[in-house]
Chemist: 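Input: one structure, supplied below.
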Amino acid sequence: MPRTPSALIGSLALLAALAAAPACLAREAPKSAEPREARLEKADARAEATSEAMLSETMNANTVSVITGTPGGTYFRIGADIAFVLNDGDRIRVLPILGKGAGENAYDLRFLKGVDLGFVRADTLDQLRQDKRLKDVEQRIHYVAKLFNDELHVIGPKGIDDVRQLAGKRVTFDVKGSGTDYSGRAMFRGLGIEVEAVNVDQPTALEMLRKGEVEAVVSVAAKPVSVLSGFDPGDRFHLVTIPYLETLSEAYVPATLTSADYPKLVGAGRTVETLAVGTILGVYNHPKGSERYRKLERFVAAFFGQFDKFLAPQRHPKWREVNLAASVAGWTRFRPAQDWLDAHRDEGAPQAEIDRFLSEQPQDLAADKEKVYQAYLKWRRAQQTSLGMARR
């Protein structure tokens, strides 16, 4: 039967209502309450995300990294000392990183993202200048402070009394990229000695020396070097004398090794002449005002301000050689470090203070390191108190 217009209109209205129903239902859905547990879980997740982001920001804002050296070496131990002394909760954290030594550290400091500080040497800029790929190295790498000297050690047969007798011989210079690899070779060149250089690690080098496969082993490191101290030379090997010549770079200075340093390698009461090169706490010269520059400003203030703690008996003895005010020829001091020194110039250099303190002590006190250190701290506090009263 044909539909009437009114019936047709009714059907169309019904269809329209049915078609609109899902849309209406969809619009009504948000009005239904979400379970309380789900809302709480979402709120917790947002809070955790915010807290995690803040934690990440805080940790990165207060952490500086320092490239050190091989495990057990002087640079590694000095880096650990810096971390132990300066790490202070959320305010500052020092992250030591294992490295190969001063030679490779120079490149790590210049190019590796995230490396702020590094142990390099007074001859590092000369090393980088020789690399034709690099530009403006003096502007990129500055220094915070000169630390201590690394001595040149050459172990050879007792028949060799002067390092110049090694000309043309097979000589090891530690692993490629190490500080010995660069500084040792540079020292030999300055002495006018050409040798057949071999790159192997120090334990392997000493074994090769024992077997007669090389004529000498070179190490440029802060005395006493543990791997050399542990070497048993018998009656065959000793530390070879190295003269200081005017042909050497100004980065190298005369030094000595004694029987107290190496009882097995230097005869009782004897002294062996050698050379040394200064170790430097280098820093990448970030743009002033940048986040990493500000982090390094805080590091400098903590490092200089708490330097007394590095002189404690449990810290590496090389800290006692440090004079924070000492300058390094050919280098630019990092601006925050220079500013700190300028602001504290009247207080005197720590090493000068120590020398003055020791000159005032009874000789028998020097036998007890802990007593010496505690007496020094007491003496320094008294000096600072006296200085403060005088200024007022």
Side-chain angles (χ1 to χ4, degrees), residues 67 69-70 73-75 99-110 118-134 137-138 140-141 143 146-156 160 162-202 205 214-223 225 228 239-257 272-282 328-331:
I67 193 79
T70 53
T74 303
Y75 288 176
K100 279 188 175 181
E104 190 73 18
N105 287 358
Y107 287 89
D108 291 343
L109 184 57
R110 170 62 184 86
F119 296 119
V120 291
R121 287 180 174 153
D123 59 1
T124 289
L125 290 183
D126 291 335
Q127 171 191 352
L128 296 180
R129 288 189 193 103
Q130 293 173 19
D131 191 330
K132 302 303 181 184
R133 299 169 298 177
L134 309 186
V137 293
E138 299 88 348
R140 303 289 186 174
I141 298 178
Y143 78 103
K146 179 186 180 297
L147 299 180
F148 46 81
N149 284 335
D150 289 335
E151 291 81 13
L152 171 61
H153 303 72
V154 178
I155 300 179
I160 295 179
D162 187 299
V163 71
R164 288 167 287 193
Q165 294 174 253
L166 291 173
K169 308 290 187 182
R170 280 170 59 83
V171 177
T172 68
F173 289 87
D174 206 346
V175 296
K176 199 164 186 62
S178 65
T180 294
D181 187 36
Y182 177 78
S183 297
R185 290 184 189 231
M187 289 173 170
F188 269 60
R189 284 195 301 270
L191 293 167
I193 306 170
E194 294 187 12
V195 297
E196 183 182 343
V198 179
N199 287 114
V200 293
D201 63 85
Q202 299 292 41
V214 296
E215 197 68 21
V217 172
V218 173
S219 173
V220 183
K223 68 178 183 181
V225 183
L228 303 185
L239 281 165
V240 178
T241 296
I242 302 158
Y244 179 82
L245 303 180
E246 295 300 324
T247 54
L248 288 161
S249 162
E250 65 178 358
Y252 309 127
V253 296
T256 57
L257 303 171
V272 175
E273 294 179 1
T274 188
L275 306 174
V277 59
T279 282
I280 290 170
L281 180 56
V328 185
W331 285 71

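Just so you know, residue 1 is the first one in the sequence shown, and it goes up from there.
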Chemist: Find the distance between CG (Leu239) and CD (Glu151) and round it off to the nearest 0.5 Å.
Modeler: 11.0 Å
Chemist: Indicate the atoms forming the closest heavy-atom contact of Ala276 with Ala255, along with that distance.
Modeler: CB-CB, 3.7 Å
Chemist: Could you check if a side-chain atom of Ile280 sits within less than 4.5 angstrom of a side-chain atom of Leu147, using non-hydrogen atoms only?
Modeler: no
Chemist: Is the closest side-chain heavy-atom distance between Val120 and Tyr143 below 4.5 Å?
Modeler: no
Chemist: Looking at side-chain heavy atoms only, is the closest gap between Arg110 and Val137 below 4.5 Å?
Modeler: no
Chemist: Using modelled atom types and a 3.5 Å cut-off, is there a donor and acceptor pairing between side-chain atoms of Lys223 and backbone atoms of Thr256?
Modeler: yes
Chemist: Would you give the length of the straight line joining atom CG of Leu109 to atom OG1 of Thr124, rounded to the nearest 0.5 angstrom?
Modeler: 9.0 Å
Chemist: Closest approach of Asp181 and Lys176, non-hydrogen atoms and distance?
Modeler: OD2-CA, 3.5 Å
Chemist: Rounded to the nearest 0.5 Å, what separation is found between the CD1 atom of Ile193 and the CZ atom of Phe188?
Modeler: 5.5 Å
Chemist: Taking Ser249 for its side chain and Tyr252 for its backbone only, find out whether a donor-acceptor pair lies under 3.5 Å.
Modeler: no
Chemist: Before giving the answer on side-chain contact (heavy atoms from CB on, under 4.5 Å), spell out for Leu248 and Leu191 the whole-Å C-alpha distance, their side-chain angles and the decisive distance to 0.1 Å.
Modeler: CA-CA 7 Å; Leu248 288 161; Leu191 293 167; 4.1 Å; yes
Chemist: Just how far is it from atom CD of Gln165 to atom CG of Asp162, taken to the nearest 0.5 Å?
Modeler: 6.0 Å
Chemist: Any non-hydrogen side-chain atom of Gln127 less than 4.5 Å from a side-chain atom of Arg121?
Modeler: no
Chemist: Quick check for you: to the nearest 0.5 Å, what is the distance between Leu134 atom CG and Arg129 atom CZ?
Modeler: 11.5 Å
Chemist: Would you find more than 12 non-hydrogen atoms of other residues, nucleotides or ligands less than 6.0 Å from Glu194 atom CD?
Modeler: no
Chemist: Any side-chain heavy-atom pair from Val217 and Gln202 closer than 4.5 angstrom?
Modeler: yes
Chemist: Please answer whether the main-chain N or O of Glu273 pairs with a side-chain N or O of Thr241 as donor and acceptor at a distance below 3.5 Å.
Modeler: no
Chemist: Do Asp123 and Tyr182 have side-chain atoms, one donor and one acceptor, less than 3.5 Å apart?
Modeler: no
Chemist: Let's go through Val163 and Met187 carefully: what are the C-alpha distance in whole Å and the side-chain angles of both, what is the deciding distance for side-chain contact (heavy atoms from CB on, under 4.5 Å) to 0.1 Å, and is it a yes or a no?
Modeler: CA-CA 11 Å; Val163 71; Met187 289 173 170; over 6 Å; no
Chemist: May I ask you to test the Asp131-Leu128 pair for a side-chain heavy-atom distance under 4.5 Å?
Modeler: no
Chemist: I want to check something: taking the side chain as every heavy atom from C-beta on, are Val220 and Phe173 in contact at a cut-off of under 4.5 Å?
Modeler: no
Chemist: Would you call the rings of Phe119 and Tyr75 parallel, tilted or perpendicular, where under 30° means parallel and over 60° means perpendicular?
Modeler: tilted
Chemist: Would you call Glu215 and Ile160 a side-chain contact if the rule is heavy atoms closer than 4.5 Å?
Modeler: yes
Chemist: Closest heavy-atom contact between Lys146 and Val328?
Modeler: CB-CG2, 3.8 Å
Chemist: Nearest 0.5 Å please: distance from the OG1 atom of Thr172 over to the CG atom of Asn199.
Modeler: 8.5 Å
Chemist: If I compare all heavy atoms of Leu275 with all of Pro243, which pair ends up nearest, and what's the gap?
Modeler: CD2-O, 3.7 Å
Chemist: Please check if the number of heavy atoms outside Gln130 that lie under 6.0 Å from its CD is greater than 12.
Modeler: yes
Chemist: Could you report the tightest heavy-atom contact between Thr70 and Lys100, atom names first, then the distance?
Modeler: CG2-O, 4.0 Å
Chemist: Could you report the tightest heavy-atom contact between Leu228 and Ser219, atom names first, then the distance?
Modeler: CD1-CB, 3.9 Å
